[in-house]
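Reviewing the structure listed below.
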Amino acid sequence: MAEWQTMSATKIGKQREQRTGRKNSTEPPWNVLLHNDWDNSMPRVVLILKKVLPGMTIGRATRIMYEAHSSGRAVVKRCHKELAELYKERLQGEGLTISLEPAE
């Protein structure tokens, strides 16, 4: 009998994660800001936001793009500084005008 035929399925239990909350309490959040520019079309901005940011939907990306278009800038993401810098680098690499600021 083949080895795989003699094996039986077992249930794998979920391990519980413990969260300490230290990182969030010691690091203030930062805003990743999208600025309006004339180099990128509106649909292109939406597609880049969806491509670069995990969990970004077309609807949310469209609202962010339109806010930047209407008011000159929009908050794309609020997160800790290291992640904000990563998103800034990736979005700028796609040709968008991005800056960071401490969240209020």
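Reckoned from all heavy atoms, side chains included, excluding hydrogens, waters and symmetry mates. The residues of the chain are indexed from 1 along the displayed sequence. Keep in mind the model is a prediction, meaning the values are calculated, not measured.
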Calculate, to the nearest 0.5 Å, the distance between atoms [atom1] and [atom2] belonging to [X] and [Y] respectively.
X	Y	atom1	atom2	answer
Leu33	Arg73	CG	CZ	5.0 Å
Thr97	Leu91	OG1	CG	10.5 Å
Glu101	Trp30	CD	CH2	9.0 Å
Lys77	Leu83	NZ	CG	7.0 Å
Leu100	Cys79	CG	SG	8.0 Å

(message) Taking Gly95's backbone N and O only, do any of them form a donor-acceptor pair with Asn40's side chain (distance below 3.5 Å, no angle check)?
(response)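 Checked: pair present.
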(message) I need the minimum non-hydrogen distance between Ala74 and Ala68, along with the two atoms involved.
(response) CB-N, 3.7 Å
Less than 4.5 Å apart, any side-chain heavy atom of [X] and any of [Y]?
X	Y	answer
Tyr87	Leu53	yes
Val76	Asn31	no
Leu86	Arg90	yes

(request) Using salt bridge (Lys or Arg N to Asp or Glu O under 4.0 Å) as the criterion, list what pairs up with Glu89, not counting sequence neighbours. (result) none
(message) Assigning hydrophobic clusters by single linkage (Ile, Leu, Val, Met, Phe, Trp, Tyr; side-chain heavy-atom cutoff under 4.5 Å), is Leu34 placed with Val75?
(response) no
(request) Walk me through it: do Lys88 and Ser99 pass the test side chain to side chain contact (heavy atoms under 4.5 Å, CB included)? (result) CA-CA 7 Å; Lys88 176 185 174 187; Ser99 67; 5.6 Å; no
(request) Please report the C-alpha distance between Met56 and Ile64 in whole Å, then the side-chain angles of each, then the deciding distance to 0.1 Å, and finally whether the side chain to side chain contact (heavy atoms under 4.5 Å, CB included) criterion is met. (result) CA-CA 10 Å; Met56 179 66 66; Ile64 291 167; 3.7 Å; yes
(request) For residues 42-69, pull every pair meeting salt bridge (Lys or Arg N to Asp or Glu O under 4.0 Å), keeping only residues two or more places apart or in separate chains. (result) Lys51-Glu94
